[in-house]
Amino acid sequence: MKNTRKRNIYEAKSNATLLLIAIICAIAAWFIVAMTLYPSESKVIVDIPIKFDIAGTSAAENGLSITSKSAEKVTINFDCSRTDYNRINAEDINAHVDFENITTEGSKTLTVKVESLNGAELSNLKVYPSTVEVELYKFEIKTVNVKPKVNNITVAEGKIFGDIKCQPEEITLTGPSVKLASIAECYAVSDKSLPPLETNYSGLISDRYEFVDADGNVINSDLITADPSAVNISIPVLTQKTVPFKVVIPSTSDPNFDSDSLDFTITPAELTIASGSSDVTLTDEPLQIKIALNTIDIGFSKNYSVENILSGKNVENISGIETVNVTLNDDGLASREITLSGANVDLRHVPSDGYKYSIVTEKFNVKLIGPADVINEITAADLDAEVNFFGEDTSKNPDLFSYNVMVSCKSHNNVWCVDTPSVNIGKTPKENTARQSAPSSSVSSG
């Protein structure tokens, strides 16, 4: 019995050993068959980072920099041997793009290249995405003028904005050269809201910059930086008023002339002006256009500079009008020439300088303008003619010189002389002066 039991135990152990050997052999056989029939296996690796390195490439040599890329990671699908399967992971893969032969700015479609870092062979390799869009630009610096733009600020009734300015008036931009080259206008924008302004406002800080191309399109400001990052906006507030024009004939032309007898058409008839000065009060008083009477002939029409009209008034022309036209309405007017005698010309304010002054010209013609029913009745007796030396220094004049004659009509205040006639005036020493100077003359001549 004891021997039989020992034999059974021995046989059981032998059977277990044989079973284990059989299992091992089966596994080995299966592995050998699998390796023979199926030598490789497919594998997928996700989120492999793409390397974007332009150092030492033609892109870098041309001063290009990467500004954006459509993807930064890829997924790969490949076949590898069963022995390499477990030793290929994301860190064992190099995914990159090649920047050689890229010399110009813009968007480029580049192929993603993938390789194993540990020598494992990758067959039937597929990359997702297989290409990436990369934007490369050359960065430059540009100085531009900046203009203000206030979107939500208004002025009170009767007020207008003056010349709104930025401080500083220039800023420095850094960004892609293509974008900088397309900038036609730069605006410092404030989105701040304020109550309607009655007076000047300063200290407004811009919120952002807006860049516009030549067609008025807003340029995407991504990748553009500005120095300074904001500017101060000063807003002058002006009081405005629309006032008429009025022709004024200076009284020196002819004190007796009725300037209201002249009818003019003024185009435009009025002008809008403004002032931000507390020393200026805008009234309804017309803006004067001074015209010398003797320049007004039939057919008269002349443009006058608005700048000259406003000179010295400390106001601004906000109408955009640069000139105003004055045209004489000459319907019913006529002209006529009359001959006057030089002997009838009065000399006024003759200098007391030891000389005698006399009219040498015997006769001269004057051209008169007036109502047609009046002008033909005018005679020389209706006219006054005078030479006025007031305020003149004639001591250095030659013995014979020409001087203007002012002619006026004493019988009618709506007739005037056009152009400026002149006469010759003789200058001779007075008798006492001649006697006193004679001895010295003889001495000097000797």
Side-chain angles (χ1 to χ4, degrees), residues 238-275 277 279-336 346 348-349 366-371 374-375 383-393 402-410 412-423:
L238 309 179
T239 302
Q240 68 172 349
K241 198 168 190 66
T242 300
V243 292
F245 288 106
K246 179 182 179 180
V247 172
V248 174
I249 308 297
S251 59
T252 54
S253 298
D254 183 349
N256 298 321
F257 184 77
D258 180 15
S259 58
D260 291 336
S261 66
L262 296 177
D263 182 27
F264 295 99
T265 296
I266 303 176
T267 308
E270 56 188 16
L271 185 77
T272 301
I273 58 176
S275 176
S277 173
D279 299 330
V280 177
T281 300
L282 299 181
T283 67
D284 294 326
E285 183 179 352
L287 296 171
Q288 296 184 356
I289 305 174
K290 295 182 179 180
I291 304 176
L293 184 61
N294 59 5
T295 64
I296 303 173
D297 200 347
I298 291 177
F300 175 87
S301 182
K302 185 176 180 180
N303 290 331
Y304 292 86
S305 166
V306 172
E307 182 180 359
N308 291 341
I309 295 172
L310 298 180
S311 178
K313 298 184 182 298
N314 198 18
V315 296
E316 295 183 26
N317 171 18
I318 61 171
S319 65
I321 299 168
E322 296 182 357
T323 60
V324 56
N325 177 265
V326 178
T327 297
L328 175 67
N329 298 321
D330 53 16
D331 289 345
L333 296 178
S335 64
R336 181 187 177 192
D346 293 333
R348 303 192 62 187
H349 298 101
V366 297
K367 182 180 179 180
L368 301 177
I369 307 290
V374 172
I375 198 72
L383 304 179
D384 283 334
E386 67 176 39
V387 169
N388 194 333
F389 287 129
F390 182 78
E392 294 289 336
D393 181 9
S402 177
Y403 208 87
N404 293 336
V405 180
M406 188 178 80
V407 178
S408 60
C409 182
K410 57 188 176 184
H412 295 82
N413 63 359
N414 57 356
V415 174
W416 72 96
C417 176
V418 68
D419 299 327
T420 303
S422 62
V423 293

Q.
If I compare all heavy atoms of V326 with all of I289, which pair ends up nearest, and what's the gap?
A. CG2-CD1, 3.8 Å
Q) Measuring from D263:CG to D331:CG, what's the distance to the nearest 0.5 Å? A) 9.0 Å
Q) Roughly how far, to the nearest 0.5 Å, is the CD1 atom of I266 from the OH atom of Y304? A) 10.0 Å
**Q.** Non-hydrogen atoms of F245 and P268 that approach each other most closely
**A.** CD1-O, 3.3 Å
**Q.** Atom pair CH2/CG of W416 and D258 - distance to nearest 0.5 Å
**A.** 11.0 Å
Q) Under 4.5 Å between any side-chain heavy atoms of I369 and S335, yes or no? A) yes
**Q.** Test applied, side-chain contact (heavy atoms from CB on, under 4.5 Å); reference residue, I309; option that passes from T323, N317, V324, L271
**A.** V324
**Q.** Over 12 foreign heavy atoms within 6.0 Å of NZ, K290
**A.** no
Q. How long is the span from the CD atom in E322 to the OG atom in S305, to the nearest 0.5 Å?
A. 8.5 Å
(Q) side-chain contact (heavy atoms from CB on, under 4.5 Å) for K313 and L287? Distances and angles first, verdict last. (A) CA-CA 10 Å; K313 298 184 182 298; L287 296 171; 4.2 Å; yes
(Q) Are the side chains of F300 and I291 in contact, using a 4.5 Å heavy-atom criterion? (A) yes
Q.
To the nearest 0.5 Å, what is the distance between CD on E285 and NZ on K246?
A. 9.0 Å
Q: Before accepting this row, confirm whether a basic side-chain N of the pair D419/K367 lies closer than 4.0 Å to the acidic partner's carboxylate O.
A: no
**Q.** D284 and K241, any side-chain heavy atoms less than 4.5 Å apart
**A.** yes
Q: First locate atom CD of E270, then atom CD1 of I321, and finally report the distance between them rounded to the nearest 0.5 Å.
A: 8.5 Å
Q: Please name the residue in the list V243, L238, T242, V315 that meets the side-chain contact (heavy atoms from CB on, under 4.5 Å) test with L282.
A: V315
Q. With side chains defined as the heavy atoms from C-beta onward, is the minimum distance between T272 and I318 less than 4.5 Å?
A. yes
Q: Could you tell me whether the side chain of I296 reaches within less than 4.5 Å of the side chain of L262, counting heavy atoms only?
A: yes
**Q.** N325 vs T267, side chain to side chain donor-acceptor pair (under 3.5 Å): CA-CA, chis, key distance, verdict
**A.** CA-CA 5 Å; N325 177 265; T267 308; 5.0 Å; no
Q: For L333 and P371, work out which heavy atoms get closest and say how close.
A: CD2-N, 3.8 Å
Q: For the residue pair V248 and S259, establish whether any side-chain heavy-atom pair is separated by less than 4.5 Å.
A: no
Q) Do N413 side-chain atoms and N256 backbone N/O form a donor-acceptor pair below 3.5 Å? A) no
Q. Between N388 and Y403, what is the shortest heavy-atom contact and its length?
A. O-OH, 3.4 Å
Q) What closest approach, in Å, do P421 and V366 show between heavy atoms, and which atom pair accounts for it? A) CG-CG1, 3.7 Å
Q: Taking all non-hydrogen atoms of both residues into account, name the closest pair between C417 and V407 and its distance.
A: CB-O, 3.8 Å
